[in-house]
Amino acid sequence: QAQSGLSFPMGLHEYLGGLMDLTGEVGRLAIKAAARGRQAVPEVELHLECVDAIHSSARELPYLPNGLGKKMGALRSTLAKIEGALYELALLSQGLRVQAPRGEEEAGDGGEDTGESGPVSRM
């Protein structure tokens, strides 16, 4: 604790939990950047590197204290969303676009996002 320079106590659980929560915010920024289109690819790649570094480091730990293992699912989901955004930007750079499966757009059923993209078509 003394080496951290913090004027308040912070345990391993809080520190790791904060890092894992940070990935959600980084993911949100990545998706926001991706909405700008192909020119945002380098920025989105930096976001992916950040989230991937935290994910990889957390996986290397022998155990996650006090139930932090539950946050690994959210972390993996964030990683997949950023990877999906980069995939879609790559398709755009090839003159392709991703279409939602037929009926999904109108349904608006609020179903769970599987992270899978729809069919690809030429623009």
Side-chain angles (χ1 to χ4, degrees):
Q1 183 67 46
Q3 292 176 332
S4 73
L6 296 175
S7 59
F8 53 89
M10 179 179 293
L12 181 62
H13 179 262
E14 290 87 5
Y15 178 77
L16 291 175
L19 278 177
M20 291 177 150
D21 290 343
L22 172 70
T23 63
E25 290 305 310
V26 173
R28 183 184 61 77
L29 291 172
I31 300 306
K32 183 178 177 183
R36 292 196 317 265
R38 294 174 279 215
Q39 70 273 11
V41 168
E43 184 179 347
V44 177
E45 287 174 337
L46 283 174
H47 292 108
L48 178 63
E49 286 178 31
C50 174
V51 174
D52 188 45
I54 293 170
H55 178 258
S56 297
S57 296
R59 287 187 54 199
E60 289 181 16
L61 295 172
Y63 76 97
L64 291 171
N66 299 326
L68 285 178
K70 292 186 279 186
K71 292 190 179 214
M72 285 298 287
L75 207 162
R76 281 189 298 273
S77 175
T78 298
L79 198 57
K81 287 176 186 176
I82 299 171
E83 289 169 340
L86 280 171
Y87 174 72
E88 291 183 20
L89 289 172
L91 291 177
L92 283 173
S93 70
Q94 299 297 318
L96 304 170
R97 65 186 176 101
V98 176
Q99 294 178 326
R102 186 175 208 148
E104 192 173 292
E105 293 173 350
E106 305 92 34
D109 61 1
E112 186 176 309
D113 180 13
T114 63
E116 296 178 6
S117 297
V120 177
S121 65
R122 289 256 173 223
M123 291 182 80

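Only a predicted model underlies this, so the values are computations on that prediction, with no experimental measurement involved.
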* Asked: Judged by atom type as modelled, is there a donor-acceptor pair below 3.5 Å linking the side chain of Ser77 to the main-chain atoms of Gly73?
  -> no

* To do: State which residues pass side chain to side chain contact (heavy atoms under 4.5 Å, CB included) with Leu29; sequence neighbours excluded, sorted by chain then number.
  => His47

* Do Leu68 and Met72 belong to the same hydrophobic cluster, where Ile, Leu, Val, Met, Phe, Trp and Tyr are linked whenever their side-chain heavy atoms lie under 4.5 Å apart, directly or via other members? -> yes

* **Spatial distance of atom OG (Ser56) from atom CG (Leu79) [nearest 0.5 Å]** => 8.0 Å

* **Over all atoms of both residues, closest heavy-atom pair of Ala30 and Val44** => O-CG2, 3.6 Å

* Scan residues 43-70 for pairs that pass salt bridge (charged side-chain N to carboxylate O under 4.0 Å, His left out), counting only residues two or more places apart or in two chains. => Arg36-Glu43

* From Asp21 CG over to Leu16 CG, what is the distance, rounded to the nearest 0.5 angstrom? -> 11.0 Å

* Nearest atoms (heavy-atom pairs only) where Ala33 meets Ala40 -> O-CB, 3.0 Å

* To do: Mind checking side chain to side chain donor-acceptor pair (under 3.5 Å) for Glu25 and listing every partner two or more places apart, or none if nothing turns up?
  => Arg28

* Asked: Taking only residues at least two apart or on different chains, which pairs with a member in residues 2-19 satisfy salt bridge (charged side-chain N to carboxylate O under 4.0 Å, His left out)?
  -> none

* Say whether Leu12 and Leu19 are linked into one hydrophobic cluster, either directly or through other cluster members, by side-chain heavy-atom distances under 4.5 angstrom. => yes

* Look only at the side chain of Thr23 and the backbone of Met20, and say whether a donor-acceptor pair between them is shorter than 3.5 Å. => yes

* Residue list, salt bridge (charged side-chain N to carboxylate O under 4.0 Å, His left out) with Arg76, at least two apart or on another chain -> none

* **Contact summary for Val26 and Cys50, nearest pair of heavy atoms** => CG2-SG, 4.1 Å

* To do: Find out if a path of hydrophobic residues (ILVMFWY) with successive side-chain heavy-atom gaps under 4.5 Å connects Tyr63 to Tyr15.
  => no

* Check whether Val41 and Ile82 end up in the same hydrophobic cluster, where Ile, Leu, Val, Met, Phe, Trp and Tyr are linked by side-chain heavy atoms less than 4.5 Å apart. => yes

* Which heavy-atom pair separates Leu64 from Ala58 by the least distance, and what is that distance? -> CD2-O, 4.2 Å

* pair Leu75-Thr78: side-chain heavy atoms closer than 4.5 Å -> no

* Spell out, yes or no, whether Leu61 and Leu22 are grouped together once hydrophobic residues are joined by side-chain heavy atoms under 4.5 Å, including indirect joins. => yes

